Amino acid sequence: MTTQIIARPAATPRSKKVLDSGRGGRPALGFLAPFVILYLLFVIGPALYGLLMSFFGTSLVRPGLGTFAGLRNYAEALGSSDFWSSLWHTVWFTILTTPPLVVIGFVFALLAERVSHGKWFFRLAFFAPYILPSAVMALIWVWLYTPDLGLISAALAKISITAPTWLGDPNWAMISIAIATIWWTLGFNFVLYLAGLQDIPRELYEAASMDGAGRFQQIRHITIPLLARTTTLVIVLQVIASLKVFDQMYIMTGGGPNFSTRPALQYIYDIGFTDYRVGYGAAASTLFFILVLAVSMVWFVMTRRQERQA
Amino acid sequence: MSNTSDPSPRIAGHPGSQVSRRGFLGGTLAVAAAGIGLSACASPVAAGLIGSKIDPGTVDYWNLFGGGDGIRMEAMEAGFQATHRDIGLQSVTLAWGNPYYTKLSLATLGAQPPNVAISHLTRMKTLVAANLLQELHPEDLARHGMSADKFNRRAWNTGLVNGRIYAIPLDTHPFVCFYNTQVCKKAGLLDAQGKLKPIQGEAAFLDALNRAKQASGQYGAVIAITNENATPWRIFQTLYSQLGGQVLADDGRRIVLDDAKATRALKLLASLNTKGLIPGSMDYQGSIALFAGGKAAFFFQGEWEITTFQTAKTPFGMAPFPNVLGGTYAVQADSHTLVLPKNPKQNRADLDRALTFVRSMLDQSGTWAEGGHVPAWLPYRNSADYAKLTPQSNYASTADFAVYDPQAWYSGSGSDFETIVGGTVGAVIAGQLQPAAGIAQIRSKLQVLARTDPPT
Amino acid sequence: MASATADPTTVRSSRKGIAAGDPQRSSRAFNRICTGVLIAFSLLWLMPLLWALDTALKPNSETAALPVTWLIKHPTLDAFRSILGQGDIWHWYAASFIISALTVVVTLLTASMAAFALSQLRFRRRGFAFGFIMAGIMIPGQVLIVPLFREMGAMHLLNTYWAVILPQVPTAIAVFVFKQFFDGLPHELEESARIDGASTWQIYRRIAMPLTRPAVAAVAIFTFVWSWNNLLWPLLVLSNPKLMTIPVGLATVQGNFGIRYADTMAASLLGALPLIVLFLFFQRQIVEGIAGTGLKG
């Protein structure tokens, strides 16, 4: 199985025989060139250009780099309450979604593991939302959250609870978006955990139950530790994806009400493309990139450490 | 096991496998491309792949009208198509506010803009400064029967940039006073013809609201202030301008907020709440419902809600917003205009088609006026037909006293400026913020924007 | 209890994790509870999609009427007909298909070629090249939107499909996946091919690539789905509604629908339809791919 494809290094036990050292150079260039050219043009190039732009007051609607600004763009971003709030909204969204997505995904996988037939049905039910485009998910949930006519408010009204204005109330908007996101992405974690659970040998459970361990003790001492790698992967992927959130807010609330749900990426979008201030937008993007990089580094270090322990 | 007579060895058991995947993908692609190419949408696909013109010979038109305005605009578009069968029309409606203007800018920067687009007068200046709009030349306009003297003077002049024409005004939509005729009659506020007696000055204003409150049994008036920025801005701007106050100068580089005048306007608005004359918390939809239900005698908003109340069969009339604080009358308003984004691929025929469409919209000002807007097109505005159109014609004169949002790159309908000022004013009215604190907040937030180098 | 371990059937099912066939009666009851809970939640999970379908099959007027009910008084396909008849959604389908398909093809080609070179060919500074490409994983596309937009403008590619395709192609993860596969290939095949006089291209095309079917499938499916669902970048570069992809089109013209909720739901479901079909056909590969590689995002 390809379960450890990312974790395991290349499985070549002995040193490779040189294929054809004389001709290795030129064909290699030809094989690398298409990818590398695109990579330079559309990844490295923009990254460097963005860095350059961040030191200028570049405008979207004026040619050239504009006036030199030095570190002023960075100073403005770091001093801007709008910038920090948008970062906070992103972080808050991550906090709201990651624990439920991990725990619920794990619990559902545990439950589904016990089922002998019909796993396909549960996999379909939980995973189908995951393949929907964000726009489809957002439109469906905007409809679900519609005051008076939405299914959720109507259902709550039947048990005499007045629903809040899900997307219009600043206290509820982010929570509503988080709930929709959990519905949307749970299937991914569910599938990951299900695969991980199936890899645990049954003998371990049998041995434990012979020693008198109850069901929940078995889960605590066998299942969860053995799934540590999967859990790390799930958490890290979830966190990094949450940091890059944009679609749901843009479509469901437009970043509102009053920017109270605007994530970091939408702040960059508004600054760069609505206000035309691409130089400042590039600076904000760079700061945001540093944040994402830091989190990715944490992942890198954690998986490497787990690897060495394995 | 390799077949040594064949230089390209095959993998045992997979005779055709080296072809299958590549072939499958390629085949799918070919079929998809062929199918799509043969279908009716060949033109956009060609544009997407090689950047050609999309649907040459048609008029591409963008607007931001939803709800009642949207339906009316659709009727006008149908009117255009009925009278100009030789010109195709593609119309797109995008969400109101920043998303609309961002998309319009991006489309123009990306060299595939619409031929004609709606723009608020207050946002159009920024688009001009951003070099995104075509200048309209008098000779071209004259060919289609349009000239400066045929438009509302105030709207036309406000739209000029350095004396050049960039926009054709369609209407002015001012802040007005809706009144419930039944409740106001009970309060003794109507004249013999059943129209609202003119209200002049602060004392008369408060008195009218008091009587209205007693007659309605709940509130004198309702203003949308919760989760809503535009309405608080509009009523503040109206009162503040009646005192002669300005907010910005120098294209937004300076804040010239007059503390005394602003405080007076804010104190008056806040007192409406503390005196129980207006509800302290009410969102946009709620304010409509409250007025339609007769629980408030007055509803202060833009005139566009006329269709809502006609449909709801509310007994209502409309009048200019009273001159509460001013010697000189002033009222907040904006205008919808038609603009032509810059398009390098445009030729003379395209220009003429676009202007034909613009003229057709003006000719149908009657339909548009039914939605409450004051027509900018004078041939209709001064006609007998419009005079007969009530209650719209009751407040038509206010278009000549319209105060537009201050000029700045961050200002205009739906802009950050409105969010900042309107949001703060709403909080002051709701009692969450004292007027002095509100003014300080407005200043500090606007200061950030004023200090920023204009990107245009 | 002790008999469980001696039972050959339970030992054989060791790869299946917790077997459901536990002979203890309390376990069976517990299993039923678990299954019941799971069924309840999965029905809950299906509800939004079912409700969307229910709404789409109503006339618009019914969707705006109270009380809210699942009952459809006058079931109709009008909403679907109206959306399909308007025309724009066909342009969106075309754009999404062409962009995603081209992205997949170019990605498969360029990434596999680069991976082949990095894995099988010896050349100077190969390690550096690998590191250089892998560094791309650290750069999420979202932080590049501002400079990339300027660049696309300068290249006159705005409002073309290429503006979306080209930046989507150079994904380091695709190279990584292919490289892992190539690394695992036995060398005898290539060595004997070399001896037979095959060129590097022939080795790549006729030996290496055919053996990477799982990688090709995984990368193709993931790239297609990810490209299809991409919103932020296409939103920026495709501003003419006739050129938009499905996600961008749905996100942009939602204002058009107003209170025509049936139309909105019909448009959403139609927009998701190709992916749902893809999912139903390739469910196993998609799920295995995720379980195997933890890709996406």
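Computed from heavy atoms alone, side chains included, the values below leave out hydrogens, waters and symmetry copies. Source: prediction; values computed, not measured. Residue numbers start from 1 in every chain, and the chains themselves are labelled A, B, ... in the order their sequence lines are given, proteins ahead of strands.
Interface residue C:M265: only side-chain heavy atoms are found under 4.5 Å from chain A. Contact annotation for C:F116: only side-chain heavy atoms (C-beta onward) come within less than 4.5 Å of a heavy atom of chain A. Residue contact with chain A, scored on non-hydrogen atoms closer than 4.5 Å, is absent for C:A154. At a 4.5 Å heavy-atom cutoff, the contact between C:I276 and chain A is made by backbone and side-chain atoms alike. No part of A:M137 comes within reach of chain C, as not one of its non-hydrogen atoms sits under 4.5 angstrom from that chain. Residue C:A65 touches chain A through its backbone alone, counting heavy-atom pairs closer than 4.5 Å. Interface residue C:I39: backbone and side-chain heavy atoms are both found under 4.5 Å from chain A. With a 4.5 angstrom heavy-atom cutoff, A:V292 touches chain C only via side-chain atoms. Interface residue C:F149: only side-chain heavy atoms are found under 4.5 Å from chain A. Only the side chain of C:A52 comes within contact range of chain A, judged by heavy atoms closer than 4.5 Å. Contacts of C:V175 with chain A are made by side-chain atoms alone, with heavy-atom separations under 4.5 Å and no backbone atom involved.
In this structure a side-chain-to-backbone donor-acceptor pair under 3.5 Å is missing from A:W143 to A:L151. A:R123 places no side-chain N or O within 3.5 Å of a backbone atom of A:G187 that could act as its donor or acceptor partner.
Contact count versus chain A (heavy atoms, under 4.5 Å) is highest, among C:L280, C:L269, C:V106, C:L49, for C:L49.
Rounding to the nearest 0.5 Å places CZ of C:F176 at 13.5 Å from OG1 of C:T171.
At a cut-off of 3.5 Å, with distance as the only test, no side-chain donor of A:S134 or A:Y250 sits close to an acceptor on the other residue.
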